[in-house]
Amino acid sequence: MIKAGYDPKAFVSYLGKLKATQATGSGGFTATHPQAADRIAKLEAKVKLAPAVTVPKARTTRFKAAVLDVE
């Protein structure tokens, strides 16, 4: 993610939101993916050591345009 220019802290934040809504059952998404809490635990230590990421302006511009187009 870092090499691609993405902020890994944003992914941890996303996983936190997923954790809040994730069912504890064994089907669907949880049948093929680890629980969000487990993924957060594994990533937090690595993210703390990660260098700062500067998001390219082009990506931010595209994101804002896509959001405005959807709404």
Side-chain angles (χ1 to χ4, degrees):
M1 290 170 64
I2 293 169
K3 288 180 182 180
Y6 290 93
D7 183 353
K9 292 175 186 168
F11 184 57
V12 173
S13 174
Y14 162 75
L15 288 173
K17 292 174 186 174
L18 179 64
K19 177 183 163 190
T21 62
Q22 191 173 43
T24 57
S26 60
F29 183 81
T30 57
T32 57
H33 291 74
Q35 290 289 321
D38 295 337
R39 295 172 86 181
I40 291 168
K42 288 181 179 180
L43 288 173
E44 282 184 325
K46 292 180 181 182
V47 168
K48 286 180 184 177
L49 300 174
V53 175
T54 302
V55 177
K57 185 174 180 172
R59 184 176 302 136
T60 304
T61 302
R62 283 194 317 261
F63 175 79
K64 288 179 181 177
V67 170
L68 291 174
D69 189 42
V70 172
E71 295 178 339

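One is the number of the first residue; the rest follow in order along the sequence.
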Run the side chain to side chain contact (heavy atoms under 4.5 Å, CB included) test against [X] and tell me which residues pass, sequence neighbours left out.
{"X": "F63", "value": "V67"}
{"X": "K42", "value": "none"}
{"X": "A50", "value": "I2, P8"}
{"X": "T60", "value": "V55, K64"}

- Closest non-hydrogen atom pair, L43 against V12: CB-CG2, 4.1 Å
Inter-residue atom distance [X].[atom1] - [Y].[atom2], 0.5 Å rounding:
{"X": "S13", "Y": "I40", "atom1": "OG", "atom2": "CD1", "result": "9.0 Å"}
{"X": "K19", "Y": "D38", "atom1": "NZ", "atom2": "CG", "result": "9.5 Å"}
{"X": "L18", "Y": "Q35", "atom1": "CG", "atom2": "CD", "result": "8.5 Å"}

